[in-house]
Amino acid sequence: MVNHVIPNTYLDALRYLSDQTFKVIAGGTDLMIQKRGTRETPPNFDSNMLYCFNLKELNYVHKEKLHIHIGSMTPLEVLLHHQDIPEIMKQVIAEMASPAIRNVATLSGNIANASPAGDSLLSLYLLNAEIVLESLNGKRVLPIDQVITGPRQTVISKDEIIKEIIIENPKFSKIQWTKVGGRRADAISKISCLSAVQIKNNKVIDFRLTLGAVYKTVIRSREIESKCIGLTLDQLKENKNTILSLYEGLIQPIDDQRSNRIYRKKVALNIIEKWIADL
Ligand SMILES: Cc1cc2nc3c(=O)[nH]c(=O)nc-3n(C[C@H](O)[C@H](O)[C@H](O)COP(=O)(O)OP(=O)(O)OC[C@H]3O[C@@H](n4cnc5c(N)ncnc54)[C@H](O)[C@@H]3O)c2cc1C
């Protein structure tokens with residue numbers, strides 16, 4: 001028999017998780033679909049379920065000087081309208097699902113679901129997000145790229161919960177979010193690209209680019225980015241083909257029901273090319 005529990009407090013949630021038989025459910029917008037039964041029957045959960053969405057202790061946004069702390073049960077729609085959330089993250093969230101879904105869906109669900117097409121992940125990789133994982137045994141803080149290890153794979157243990165997401169709040173001169181999907185709303189990305197640059201005195205002093213749905217995880221290459229930093233805008237544009245070929249080496253998409261690998265690679269490179277050309 002499967003137990004369904006709504007914990008009263010965060011500590012209660014950690015206690016339930018400690019027996020390693022419970023699965024956290026946040027907004028349920030992934031889990032309900034993955035575990036759905038036939039029409040008009042309840043979802044077919046195969047483990048005990050811990051409903052954490054109403055835990056007030058995990059619903060917050062705190063801004064500090066350099067970082068923003070986001071409680072793991074804060075709905076995406078709240079983040080979309082929150083004054084302390086960076087514009088670059090808001091642009092991504094605005095194109096996720098629909099308002100109804102965003103009112104319950106969370107960043108932590110997008111992270112733990114670990115889909116290569118998870119849109120918010122691009123903003124989390126770009127903003128050097130750190131994920132706070134906690135259990136009764138203690139706390140660990142890991143960069144997002146160490147939490148997600150592959151499609152639907154994470155290092156989150158059965159007794160752990162994502163407690164908080166910490167993001168940077170850098171200044172950018174220009175940002176670009178491109179989501180290619182089957183329609184404008186409620187569409188899972190075929191390809192996505194989030195890029196940001198900070199230019200000072202005509203020199204690139206920060207360059208970040210993340211790609212979704214074209215590899216096993218979100219792609220972000222600090223190596224390529226470091227080759228762009230320090231260049232003038234003209235030099236960056238002159239080096240466009242070299243930069244493109246470096247990204248091309250990283251892009252390894254798959255064929256699936258939404259798109260195919262040839263289209264995904266071509267379009268991803270077109271997006272990067274246009275981004276550099278338009279700077
Ligand atoms: C109609 C529709 C449209 C959608 N559109 C998009 C879209 O445009 N872009 C996109 O990226 N996604 C989209 N999604 C997918 C989904 O909404 C997102 O992935 C969302 O962020 C999931 O959050 P959630 O809180 O609902 O996760 P849940 O379904 O509650 O959980 C998902 C997974 O995360 C785990 N989990 C959740 N919270 C925690 C936590 N705090 N600690 C540990 N594990 C946790 C759960 O155990 C589960 O494995 C869509 C879904 C639907 C139904």
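All ligand and atom numbering here is 1-based and tracks the order in the structure. Both backbone and side-chain heavy atoms feed into the values below; hydrogens, waters and symmetry mates do not.
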Does the N59 side chain pair with the main chain of T74, one donor and one acceptor, at a distance under 3.5 Å?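 Looks like no, no N/O pair under 3.5 Å.
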
Any donor-acceptor N/O pair, D119 side chain to V92 backbone, under 3.5 Å: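 Not at all, since once roles are kept as given, no pair shorter than 3.5 Å links the two residues.
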
So for ligand 1, is [X] a polar contact partner (N or O within less than 3.5 Å, distance only)?
X: S120; answer: no
X: L107; answer: no
X: I25; answer: no
X: L31; answer: yes
X: A97; answer: yes
X: A187; answer: yes
X: E160; answer: no

Looking at ligand 1, would S115 count as a contact under a 4.0 Å heavy-atom criterion?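 Per 4.0 Å heavy-atom rule, S115 does not contact ligand 1.
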
R102 touching ligand 1 at heavy-atom level, < 4.0 angstrom: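 No; R102 lies far enough from ligand 1 that no heavy-atom distance drops under 4.0 Å.
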
Indicate every side-chain donor-acceptor pair of residues 167-175 with a distance under 3.5 Å to a residue at least two apart or in another chain.
residue	atom	partner	partner atom	Å
E168	OE1	N128	ND2	3.1
E168	OE1	R208	NH1	3.1
E168	OE1	R208	NH2	3.4
E168	OE2	N128	ND2	3.0
S173	OG	Q198	OE1	2.9
S173	OG	I199	N	2.7
K174	NZ	D278	O	3.1

Ring centre gap for H4 and Y51 strictly below 6.0 Å: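 H4 vs Y51: aromatic centres under 6.0 Å.
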
Does a sphere of radius 6.0 Å around OH in Y10 hold more than 12 heavy atoms from other residues, nucleotides or ligands, not counting ones at 6.0 Å or beyond?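 Yes, the 6.0 Å shell around OH holds more than 12 heavy atoms from other groups.
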
For ligand 1, which atoms, with element, lie under 4.0 Å from some heavy atom of M73?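 Listed by number with element: 41 (N).
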
Nearest-contact summary for [atom] - protein heavy atom, Å:
atom: atom 2 (C) of ligand 1; result: D186 OD1, 3.9 Å
atom: atom 15 (C) of ligand 1; result: D30 OD1, 3.2 Å
atom: atom 14 (N) of ligand 1; result: I188 CD1, 3.9 Å
atom: atom 27 (O) of ligand 1; result: G109 CA, 3.3 Å
atom: atom 35 (C) of ligand 1; result: A112 CB, 3.3 Å
atom: atom 49 (O) of ligand 1; result: K23 NZ, 3.4 Å

Got a list of side-chain donor-acceptor pairs under 3.5 Å for residues 143-153, not counting sequence neighbours?
residue	atom	partner	partner atom	Å
T149	OG1	Q153	O	3.3
R152	NH1	N113	O	3.4
R152	NH1	N113	OD1	3.0

To check you understand the geometry: which heavy-atom pair defines the closest contact between I85 and K90, and what is its length?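 Closest heavy-atom pair between I85 and K90: O-CE, 3.4 Å.
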
